[in-house]
Structure formats: C-alpha cells, structure tokens
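Read the structure below first, then the notes.
If you're wondering where the values come from, they're calculated on a predicted model, not measured in any experiment.
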Amino acid sequence: MKGHGGGAGLGRVVLLGFCIAGIWAAYITQGVLQETLSTKQFGPDGKRFEHLAFLNLAQNVVCFLWSLLMIKIWSRGSNGGAPWWSYWSASITNTIGPAMGIEALKYISYPAQVLAKSSKMIPVMLMGTLVYGIKYTIPEYICTLLVASGVSAFALLKTSSKTISKLAHPNAPLGYGLCCLNLAFDGFTNATQDSITARYPKTSAWDIMLGMNLWGTIYNVAFMFGWSRGGGYEAVSFCLDHPEAAWDILMYCLCGAVGQNFIFLTISRFGSLANTTITTTRKFVSIVVSSLLSGNPLSAKQWASVLMVFSGLSYQIYLKWRKLQRLQKKTKAT
C-alpha cells in the first residue's frame, strides 16, 4: 500500500509536468502565429489582417467544438459535472480582461505591461480569499512571491532606460489602471473556476472548456457583429478574400484549443493558482528563449531572476507532493 501511494504521488507530479510542457509548447507556438498574423502581408495587394479581436471569437468557436467533440468521445454520460450555465460570470471577465490588456498597450509600453502582469498570481489568491473564502498557506504565498518577484526583476532588467523613461507618459495612469482591472478580472475568473470545481468535484477539464467557450462565443459574437465598430463582418470578408489568412487563423485556434485543454486539465486537477503559475512562467520562458536565440546572453542578475522563478515553481511542486502524501496517510488511517 505504501508503494502504491508513492506511485500515485509520482503520477500526479508527472501529470503536472505534462501539463506544463503542453501549455508552454501550445502557447509559445501560438504566440509566433499571432505575431505572424499581425505582421504578415496577404495577397498581391499586400494587405494585413488588422482585426485581431476576431481571433478571440475564432478561438472560442474552435475550442467549444473541440471540447464538445472530446466530451462526446470520452464522456460516459452525466457524471455530476458543473452545468454549462454556471460559467456565465467567469466568462464575462475572461472575455473583457484580455481586451483591457490590449487597450492598455495604447498608453504604456509592452515591457511595462509584462511587469504589471507578472504579479497575476497575487490577485488570483486575493480574489480566492476575499470572494470565495479559499485559504492559502504561508508557503504558498512564498511560492507566489518568488515567482512574481523573479519575473518582475527579469522584466526590469530587460527594460532599457529609454523605455523606462517613456513610462512617465501622461496617459500612463490610465494604462496601469486598465492593467489592474485586467488582473482583477483574471483573478475573479480563476477564483470562480476554482469555486465551480470545488462545488462540482466531478467536473472535467472538457466541461470547463465547453462552458467557458460557449459563453465566450456568445459574448464575442454580440461584440463583433452587434456593435458597428466590432469589425466582425470585415474580418470574415478578409478571410474570404485571403484564404491563407483563414488557414493561419485556424492553426492559431488549434494551438489555443490544445493549450486550453492543458489549462483546464491543470485547473481541474491542481487548481487555478498552479495554472496561473505555469502560464505566467510560460511568458517568462519565451523571453529567456528569445534572448538566447537572438544572441543576447543573460547577465548574472538575469540568471538570478531565472533561479528565483524556478525555485518558486520547484517549491510549489514539493508542497503539492507533501500535501498529497498527508491526504493519503489520512485516507489510510480512516
């Protein structure tokens, strides 16, 4: 029995590592495709795809269909998962939050936004505590502060003095305000997802994926096609005129579907704090990889921030392992 418990614990650690690899691979690839879509010139007229908000709608549709297919293939009927309507509030903040992040870039630089978002795990924990009464341990707060501090330090070290001087822009307070709202909405989204999985323990990753993307599709359709400045009709017309763009968008959405599959698997098995740690660090890893590939070696201080981040992650994995061992001992005792 003892060996069996250790095997179960090892299995969870392997699953967590599998989720990390899946999220990083899917979203780093998707980031490259998004950059390509925003800069590539399509057709003989050399036009660019300027309706990037349409990507959110396209991804919602593809991910909804993906999750529906997975449920049909793998689900064994009703298993006590959360009902689809329970995701309506989390999906509102999940739809508006990224839009505010894009809007913030009009007032502050991208490095400043990365710096602001590097503390995303903190509002997730605060929202979980204040809104849903979730209790976190001091070691969990230490893990979060290590990761957030490491990413923040790396972002500052990567930012030139010229870029920092631009942060005194008159509209910077509005940009930072939008970032704070973005973080608050992200925190509410993740805390709500944790609350749903706590109320409905049998909720699968595909259940969460279906519910979030169903409501996301409804909200984005209303925005893109119901508002005169939404740009939905123009985006569809562009894709009809330039099939190559439609293919690139499909590949972008498929990467998002794979990434979401791993994200919601992580949330359903390990909670949203673990997921936020992974997704935040993914951005950090992409910066490190980019720095190495571009021939810009990291300084000693930058490597110190790398060590800080991965120390936090390693400590969090250790805490999850130890928590699982305690739960297994209690189960055996009863």
### Message
Could you report the tightest heavy-atom contact between T95 and G216, atom names first, then the distance?
### Response
OG1-CA, 4.0 Å

### Task
Can you sort out the partners of E244 under salt bridge (Lys or Arg N to Asp or Glu O under 4.0 Å), two or more places apart, ordered by chain and number?
K40

#### Entry: Residues M212, Q193; criterion side chain to side chain contact (heavy atoms under 4.5 Å, CB included); working and verdict
CA-CA 9 Å; M212 292 294 292; Q193 288 173 342; 3.3 Å; yes

### Query
Are there more than 12 heavy atoms of other residues, nucleotides or ligands under 6.0 Å from atom CD1 of I138?
no

### Query
Can you check whether D248 reaches Y252 side chain to side chain, under 4.5 Å on heavy atoms?
no

### Message
Within the structure provided, determine whether I263 and Y27 are in side-chain contact (heavy-atom separation under 4.5 Å).
### Response
yes

### Message
Using side-chain heavy atoms (C-beta onward) and a distance below 4.5 Å, is R12 in contact with F270?
### Response
yes

### Query
Under 6.0 Å between ring centres, would you say that holds for F49 and F42?
no

### Task
Can you label the angle between the W215 ring and the W84 ring as parallel, tilted or perpendicular, going by 30° and 60°?
parallel

### Spacing of OG1 belonging to T217 relative to CD belonging to Q59, to within rounding of 0.5 Å
10.0 Å

### Message
Could you check whether any side-chain heavy atom of S91 comes within less than 4.5 Å of a side-chain heavy atom of Y219, counting everything from C-beta outward?
### Response
yes

### Query
Which distance, rounded to the nearest 0.5 Å, do you find between the CG of L174 and the SG of C179?
10.0 Å

### Task
Could you tell me which non-hydrogen atom of C255 sits nearest to which non-hydrogen atom of Q30, and how far apart they are?
CB-CB, 3.9 Å

### Task
Step by step, work out the side chain to side chain contact (heavy atoms under 4.5 Å, CB included) result for I196 and I208.
CA-CA 9 Å; I196 290 171; I208 305 174; 6.0 Å; no

### Query
Does a donor on one side chain sit under 3.5 Å from an acceptor on the other, for N220 and N56?
no

### Verdict with reasoning, L210 to F64, per side chain to side chain contact (heavy atoms under 4.5 Å, CB included)
CA-CA 5 Å; L210 184 142; F64 170 72; 3.8 Å; yes

### Message
Distance check, rounded to the nearest 0.5 Å: L254 atom CG versus C63 atom SG?
### Response
8.5 Å

#### Entry: Pairing residues for T93 by the side-chain hydrogen bond (donor to acceptor under 3.5 Å, both in side chains) criterion, not counting sequence neighbours
T189

### CZ (F225) with more than 12 external heavy atoms under 6.0 Å
yes

### Message
Side chains of L15 and L265, heavy atoms from C-beta outward: is any pair under 4.5 Å?
### Response
yes

### Task
Verify whether the ring centers belonging to F238 and F54 lie closer than 6.0 Å.
no

### Message
So, taking the atom named SG in C143 and the one named CD in E140, what distance separates them when rounded to the nearest 0.5 Å?
### Response
7.5 Å

### Task
Verify side chain to side chain contact (heavy atoms under 4.5 Å, CB included) between L16 and I278, making sure each step is shown before the conclusion.
CA-CA 10 Å; L16 181 60; I278 296 168; 4.1 Å; yes

#### Entry: Spatial distance of atom CG (L178) from atom CZ (F185) [nearest 0.5 Å]
10.0 Å

### Query
Which pair of non-hydrogen atoms, one from A82 and one from S86, has the smallest distance, and what is that distance?
CB-OG, 3.7 Å

### Query
Just how far is it from atom CZ of F262 to atom CD1 of I20, taken to the nearest 0.5 Å?
11.5 Å

### Task
Start with the C-alpha gap between Q260 and N213, add the side-chain angles, then the distance that decides, and say whether side chain to side chain donor-acceptor pair (under 3.5 Å) holds.
CA-CA 10 Å; Q260 280 196 25; N213 284 288; 2.6 Å; yes

### Task
Grab the two heavy atoms, one from A246 and one from C239, that are nearest each other, plus how far apart they are.
CB-CB, 4.0 Å

### Task
Please determine, by modelled atom types, if W206 and N261 share a side-chain donor-acceptor pair under 3.5 angstrom.
yes

### Message
My understanding is that only residues two or more places apart in sequence, or in another chain, count here; which of them pass side-chain hydrogen bond (donor to acceptor under 3.5 Å, both in side chains) with N94?
### Response
none

### Message
With heavy-atom distances below 4.5 Å as the criterion, would you say the side chains of S89 and F188 are in contact?
### Response
yes

### Query
Taking C-beta and beyond as the side chain, do M70 and M209 meet within less than 4.5 Å on heavy atoms?
no

